[in-house]
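Working notes, structure below.
Computed from a prediction, not measured in an experiment: that's the story for all the values here. So that the names make sense, note that chain A is the first sequence line, chain B the second, and so on, each numbered from 1.
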There are 2 protein chains.
Amino acid sequence: MSSSTDRIPATERREQILEAATRVFGEQGYAGATTDRVAKAAGISQPYVVRLFGTKEQLFIEVVERACARIGKAMERAIADDASEKEVGPRIGEAYVDLVQTDRGILLSLMQGFILGQDPAIGPVARKGFMTIYERMRSVMDAEEAMRFMAQGMLINTLIASNLTEGIDDDDQVDELFACTFGDKLGLVLEGLSKAG
Amino acid sequence: MSSSTDRIPATERREQILEAATRVFGEQGYAGATTDRVAKAAGISQPYVVRLFGTKEQLFIEVVERACARIGKAMERAIADDASEKEVGPRIGEAYVDLVQTDRGILLSLMQGFILGQDPAIGPVARKGFMTIYERMRSVMDAEEAMRFMAQGMLINTLIASNLTEGIDDDDQVDELFACTFGDKLGLVLEGLSKAG
DNA sequence: GTCTATACTAGGATAGAC
DNA sequence: GTCTATCCTAGTATAGAC
């Protein structure tokens, strides 16, 4: 599958690593994740990860920035899609839930970023990402609606992060909460969110 | 201030340590926090922290459980306080915001717990705590309202955790989001939350 | 009940070869 | 562009004294 001549361009490698790192940081947290795990996940050596990003911190920062960019793009697509008969709110909500299902890591590592707001290097990046998303939201809805939207997003993130999704400790209340939070692929909840605007 | 004979009962010590640990874990995260920092914050030696709790993991678990218990108690008080002319929703919301202001650590370390849902030892504890709070909420309001309430709580946590509170990167949009999220000591938002029930 | 000393491991980062 | 070897620090946990 891989010969000893598996040299691929640095740009592509960086993207591979960022992808792997997004998963690893999302699951283990910034401090809990190791550059070695990231390397393993990306199929390369640990020193090479450090080589390409300088430090673990820098790698994490780029992961957070990439996550924000991804969310931003998904939002843009949802906003632009005015063919749909739905309102912007639900369209964005649906896009977000889709993203969640496709790539948990993005949301999880972004959350990890938020929670490190105290950190002098990471904090500013996380706050900037958060506010960029909020501001884009505000450009298509009023403050109250945007706030509720962010709140809903944070709940979704928490439910996923805490692994309540897995129904491991299955409980009818969990089901109810999920039904209410996501509806059928977001459902009532996000509908309600938009009709509040 | 402290003589060499500062022996205090273990129960009290445990509480002191839990308090310190709540702050430290809240700021640095589970993996990022060290038992040594906790020890310093509690004014004792690192090995003694380990001695009293067995492992760092166990200490963290007790921190999370304590955080949930604290929130639970604040909720009970708010629910019982039917002298107030306010609805339950806003009362609980207000109690939560009060708690936030008094002790950030509780919310932050609880959040750290949620985000470690993957962890086989911590995950179950975090999920249990989350659901206990949700269920108590459900006992005084309907599913939709309870969900929105949790969402609002997660947003509050995120705003605090990401340190947007500090206005470091001050931005008028941040102010707006805060005004909207907290109102004046929670305001409109939570009021709106309850009138949805 | 609490400390000092210490064993042991893990993990980030560097050097330098290929 | 990528690896192996390795340094060095930091951090959990244990042993054992007081």
Side-chain angles (χ1 to χ4, degrees), chain A residues 1-64 109 112 116 119-122, chain B residues 1-21 23-63 109 112 116 119-122:
Chain A
M1 206 175 219
S2 67
S3 73
S4 56
T5 35
D6 252 6
R7 303 162 141 264
I8 79 172
T11 339
E12 202 174 317
R13 257 309 180 220
R14 284 180 67 91
E15 178 56 22
Q16 276 182 7
I17 296 175
L18 284 172
E19 206 174 312
T22 297
R23 258 179 289 126
V24 177
F25 281 125
E27 275 166 20
Q28 328 262 333
Y30 171 61
T34 69
T35 53
D36 191 59
R37 267 189 193 293
V38 172
K40 293 251 167 60
I44 58 176
S45 72
Q46 180 267 329
Y48 193 33
V49 171
V50 176
R51 174 71 89 115
L52 283 183
F53 291 86
T55 62
K56 175 180 163 177
E57 187 176 68
Q58 185 54 34
L59 171 60
F60 184 66
I61 287 174
E62 295 194 31
V63 163
V64 170
S109 52
Q112 297 283 357
L116 256 79
D119 186 284
I122 298 167
Chain B
M1 205 174 224
S2 65
S3 74
S4 57
T5 35
D6 252 6
R7 300 160 142 266
I8 79 173
T11 339
E12 204 174 316
R13 248 328 171 214
R14 284 179 67 92
E15 178 56 23
Q16 276 182 7
I17 297 175
L18 284 172
E19 207 174 309
R23 258 178 289 127
V24 177
F25 281 126
E27 275 166 20
Q28 327 262 332
Y30 171 62
T34 70
T35 53
D36 191 60
R37 266 188 195 293
V38 172
K40 293 251 167 62
I44 57 176
S45 73
Q46 180 267 329
Y48 193 34
V49 170
V50 176
R51 173 72 87 112
L52 283 182
F53 291 87
T55 62
K56 173 180 165 178
E57 186 175 69
Q58 185 55 34
L59 171 59
F60 184 67
I61 287 174
E62 295 195 31
V63 162
S109 54
Q112 298 283 356
L116 255 78
D119 185 285
I122 298 167

Mind checking the [atom1]-[atom2] spacing from [X] to [Y]? Nearest 0.5 Å is all I need.
{"X": "A:R13", "Y": "A:L18", "atom1": "CZ", "atom2": "CG", "value": "13.0 Å"}
{"X": "A:R23", "Y": "A:Q28", "atom1": "CZ", "atom2": "CD", "value": "11.5 Å"}
{"X": "A:T22", "Y": "A:E27", "atom1": "OG1", "atom2": "CD", "value": "11.5 Å"}

What is the distance, to the nearest angstrom, from the [atom1] atom on [X] to the [atom2] atom on [N]?
{"X": "A:Y30", "N": "C:dG12", "atom1": "OH", "atom2": "P", "answer": "9 Å"}
{"X": "A:L52", "N": "C:dT14", "atom1": "CG", "atom2": "P", "answer": "14 Å"}
{"X": "A:F60", "N": "C:dG12", "atom1": "CZ", "atom2": "P", "answer": "14 Å"}

Given DNA chain C, 5'-ward residue of the pair A:K56 and B:S45, judged by closest heavy atom: B:S45

Assert: residue with more 5' nearest nucleotide on DNA chain C, out of B:P9 and B:Q46, is B:P9

Please say whether the positively charged group of B:K56, taken as NZ for Lys or CZ for Arg, lies over the ring of B:Y30, i.e. under 6.0 angstrom from the six-membered ring centre and within 45 degrees of the axis. yes

By the 4.0 Å heavy-atom rule, please label A:R13 as base, sugar-phosphate, or nothing. sugar-phosphate

Could you check whether B:P47 gets within reach of a base, just the sugar-phosphate, or nothing at all, counting any heavy atom under 4.0 Å? base

Members of residues 32-42 of chain A that approach DNA chain D, where some heavy atom sits under 4.0 Å away: none

Among B:V38, B:L52, B:V50, which residue satisfies the side-chain contact (heavy atoms from CB on, under 4.5 Å) criterion with B:L59? B:V38

Strictly by modelled atom types, are A:Q58 and A:E62 linked by a side-chain donor-acceptor pair under 3.5 Å? yes

Between B:F60 and B:E57, is there a side-chain heavy-atom distance shorter than 4.5 Å? no

Minimum side-chain heavy-atom gap A:V63-A:Q112 below 4.5 Å: no

First and last nucleotide of DNA chain D touching chain B, 5' to 3', heavy-atom cut-off 4.0 Å? D:dG11 to D:dG16

